[in-house]
There are 2 protein chains.
Amino acid sequence: MATTRTGSNLSQIAATLGVSAATVSNALSGKGRVSAELAEKIRATAAELGYTPSLTGRALRTGRTGVLGLVLPDIANPLFPQIAQAIDYAASNAGYGVLIADSRGDVATQTDAINRLIERGVDGIVIVPRRGTRIADIGCPVAVIDSPSTPGNTVSADHWQGGQAIIEHLASFQHRKFLLIGNNPASNVQNDRIGGMRSRLPEGGHADVFWIENHEQRHGKGSLLGLREKVKQGFTAFAAVSDLHALRALTELQRAGVGVPEHVSVTGFDDLVWSSVVTPGLTTVRMDMAAIADIAIAALVRVIEADTTSGSDIPRTVAGTVAAADRSSVPMQLVVRQTSGPPTGIILS
Amino acid sequence: MATTRTGSNLSQIAATLGVSAATVSNALSGKGRVSAELAEKIRATAAELGYTPSLTGRALRTGRTGVLGLVLPDIANPLFPQIAQAIDYAASNAGYGVLIADSRGDVATQTDAINRLIERGVDGIVIVPRRGTRIADIGCPVAVIDSPSTPGNTVSADHWQGGQAIIEHLASFQHRKFLLIGNNPASNVQNDRIGGMRSRLPEGGHADVFWIENHEQRHGKGSLLGLREKVKQGFTAFAAVSDLHALRALTELQRAGVGVPEHVSVTGFDDLVWSSVVTPGLTTVRMDMAAIADIAIAALVRVIEADTTSGSDIPRTVAGTVAAADRSSVPMQLVVRQTSGPPTGIILS
DNA sequence: CAGGGATGATTAATCGATTAATCAAGTCTA
DNA sequence: TAGACTTGATTAATCGATTAATCATCCCTG
């Protein structure tokens with residue numbers, strides 16, 4: 001509880017040493033003018049008394065809480081652990097706490113979630129926006145993690161380049177007929193990944209895009225994707241935009257008696273937790289979430305801290321949102337496992 | 001930013017109406033004595049000015065921040081999304097925010113994480129402890145989510161009963177030779193699940209326990225589990241303590257040419273995100289995370305709120321930790337999909 | 001030796017809400 | 001009608017840290 005806590009505050013230190021609270025504050029923060037000896041003594045007793053500044057008190061005075069908000073479209077997203085972990089780590093290192101807010105699906109809740117965070121006085125917000133959502137100008141610094149195609153202060157993996165890497169890898173095995181498996185055509189991230197893939201098709205190569213959501217609207221949720229048929233049509237490479245879909249493809253193919261990787265190859269995206277333990281291990285492409293989080297947090301922190309020190313050096317829109325990172329993208333890294341290899345035809349009856 | 005925010009505070013409302021800030025506070029909180037008409041007028045102007053109380057100001061005065069901490073052993077855990085989502089939802093409904101803290105593996109960091117949260121002034125903490133960790137008495141209300149075998153104020157799913165449900169389901173298909181697949185023998189949760197499973201073995205049934213960590217220590221990380229051999233030995237049911245391991249088993253078996261479910265059955269635990277999309281869909285057992293979160297949060301809130309109202313009605317250990325939920329467990333629910341069915345022998349060469 | 005600076009510390013105001021203590025009327029009872 | 005309550009509102013202190021303004025010394029220079 002904040003009430004009883006460690007039981008030591010500025011004035012106690014001050015009282016112990018017979019000085020004023022202001023001097024203690026100055027000594028500990030290094031601001032103001034305090035003699036070296038006294039400062040040392042103050043630091044010593046502070047340590048002795050186990051002094052921890054009350055972030056609440058400080059927040060009230062400075063207007064900064066030292067807390068960042070993390071808004072996620074849907075926590076159930078399997079990528080979430082990676083994101084949350086990276087953000088938490090980067091924020092901790094920068095001395096900030098992370099308040100989470102799940103926007104639980106719909107867009108209205110996303111706005112709600114953001115407002116709740118602002119009410120709580122967060123200094124800035126990291127948003128992983130819901131598909132197709134634009135983040136309106138809210139009155140606080142924002143960093144968006146999405147795809148480089150998203151307008152606004154966006155940090156993201158270079159999904160396009162990731163797509164290229166996958167296709168180059170597959171093409172090196174002489175694959176020529178690709179099925180690119182996406183989920184939702186409205187997703188910027190997915191379109192970037194698919195765009196990147198298409199941009200690197202080999203000479204004489206051919207690629208079809210298969211959207212799972214469209215398929216499920218016709219055949220029901222969880223239905224087979226009909227990949228056996230695709231194999232019969234000569235597709236030998238199945239490149240999904242997420243490991244989740246790659247896993248779906250892999251198991252469906254295995255079940256249909258198609259050998260992976262000896263007959264066809266399957267690849268995913270994101271290196272989700274199970275990708276390394278399935279048999280065969282899933283070839284995929286990984287984002288450097290740590291780097292992304294670092295950039296996002298650094299951008300936020302820069303803006304937050306500039307906000308009080310210098311008046312307004314850093315670009316800042318009228319309403320308060322800030323051009324934080326100004327669009328940077330982090331390269332993705334190919335992770336080659338066992339689901340990719342040279343194709344050998346297979347005759348299915 | 002907390003500084004510029006909505007730009008309306010108690011005194012502004014007071015000034016607008018020509019009354020004192022104290023009266024406004026009383027009117028809005030319903031405490032003190034304020035005439036009905038004035039109270040109504042105050043509420044009206046508050047709404048008009050878009051007043052949002054400064055949680056920081058309130059926190060400083062009341063000593064309660066309205067924030068709960070969520071400590072996780074390892075955010076990378078695939079179960080994490082479910083937990084975080086449920087906790088976030090329950091906490092939001094109770095009017096609390098959730099500050100996350102990843103303990104990143106080691107136990108020392110777990111303590112660190114807890115301390116950081118306390119410094120931030122959280123009113124209570126929900127902990128999903130690292131395997132084998134005991135939560136020491138810290139100076140604030142705590143609710144632990146683990147297994148009923150964990151001492152302390154624990155809320156959890158009834159893992160034992162979940163194990164029983166799985167085995168009963170499998171036994172109903174006449175399975176008799178079970179391989180129970182666990183990861184780490186030190187985990188309370190896993191032991192509960194396995195214990196429950198063993199307790200419901202059918203007449204003449206036999207079960208071996210296979211610990212993946214032990215196996216990997218000998219054969220290397222990510223190596224095959226050798227399930228083909230197990231099938232040859234007559235095992236027909238492979239019951240894992242997590243969907244992650246079930247998936248590993250499923251793909252390994254498929255790859256080895258063993259048909260699931262026609263030859264052998266595979267089951268998991270937790271109904272993780274991919275379980276419904278793999279082919280065949282994974283039979284598993286689900287925790288009611290929403291209920292668990294509700295109980296945990298409700299227990300915390302009860303203690304937190306009792307702390308200020310009545311002196312100390314609720315049991316409270318000397319150091320400050322509180323016997324919050326006092327051990328309650330929530331039943332698990334069987335989710336039958338396609339990986340379970342009647343076994344037919346298979347002859348492997 | 002008086003006055004301008006530099007140095008080191010203190011005062012007091014402030015952030016925003018809460019709340020105990022107080023005060024001014026009006027109401028009721030003896 | 002005086003004294004005791006009620007009712008409705010105000011004052012002022014408080015939570016803990018920060019910081020501008022102020023003040024007291026001591027030093028140095030013209």
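Reminder, nothing fancy here: chain letters follow the sequence lines and each chain counts from 1.
Protein atom CD of Gln12(B) is 11 Å distant from nucleotide atom C1' of dG16(C), rounded to whole Å. Between Asn9(A) atom CG and dT18(D) atom C1' there is a gap of 14 Å when expressed in whole angstrom units. Following rounding to the nearest Å, Lys41(A) (NZ) and dA9(C) (C1') show an atom-to-atom distance of 13 Å. Following rounding to the nearest Å, Leu10(B) (CG) and dC15(D) (C1') show an atom-to-atom distance of 15 Å. Atom pair Leu60(A):CG and dT18(C):P shows a separation of 12 Å (rounding to whole Å applied). Look at NZ on Lys31(A): it is 11 Å from C1' on dA17(D), rounded to the nearest Å. In this entry the distance linking CG of Leu55(A) with P of dA17(D) reads 9 Å, nearest Å. When rounded to the nearest whole Å, the span between CD1 of Ile13(B) and P of dT18(C) equals 11 Å.
Atom-to-atom distance recorded for Arg120(B):CZ and Leu99(A):CG is 10.0 Å, nearest 0.5 angstrom. Here CG of Leu38(B) is found 10.5 Å from CG of Asn26(B). Values are rounded to the nearest 0.5 Å. Between the CG atom in Asp102(A) and the CD atom in Gln110(A) there is a gap of 10.5 Å [rounded to 0.5 Å].
Pairing each heavy atom of Ala21(A) with each of Ser11(A), the nearest pair is CB-CA, 4.5 Å.
With contacts defined as side-chain heavy-atom distances shorter than 4.5 Å, the pair Met289(B)/Tyr89(B) does not qualify. Residues Asp146(B) and Val155(B) fail the side-chain proximity criterion, which asks for heavy atoms closer than 4.5 Å.
Listed pair Arg58(B) / dT18(C) meets the phosphate criterion, a side-chain N or O lying under 4.0 Å from OP1 or OP2.
For the side chain to side chain contact (heavy atoms under 4.5 Å, CB included) criterion with Ile87(A), the lone passing option out of Val98(A), Asp294(A), Ile292(A) is Val98(A).
Looking at which nucleotide of DNA chain D each of Gly57(B) and Ser25(A) is closest to, the 5′-most match is held by Gly57(B).
The side chain of Arg61(B) sits closest to dT14(D) out of dA17(D), dT14(D), dG16(D).
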Produce a footprint string for nucleotides 4-11 of chain D: one letter per nucleotide, 5' end first; B if the base is under 4.0 Å from any protein heavy atom, S if only the sugar-phosphate is, - if neither.
---BBBBB
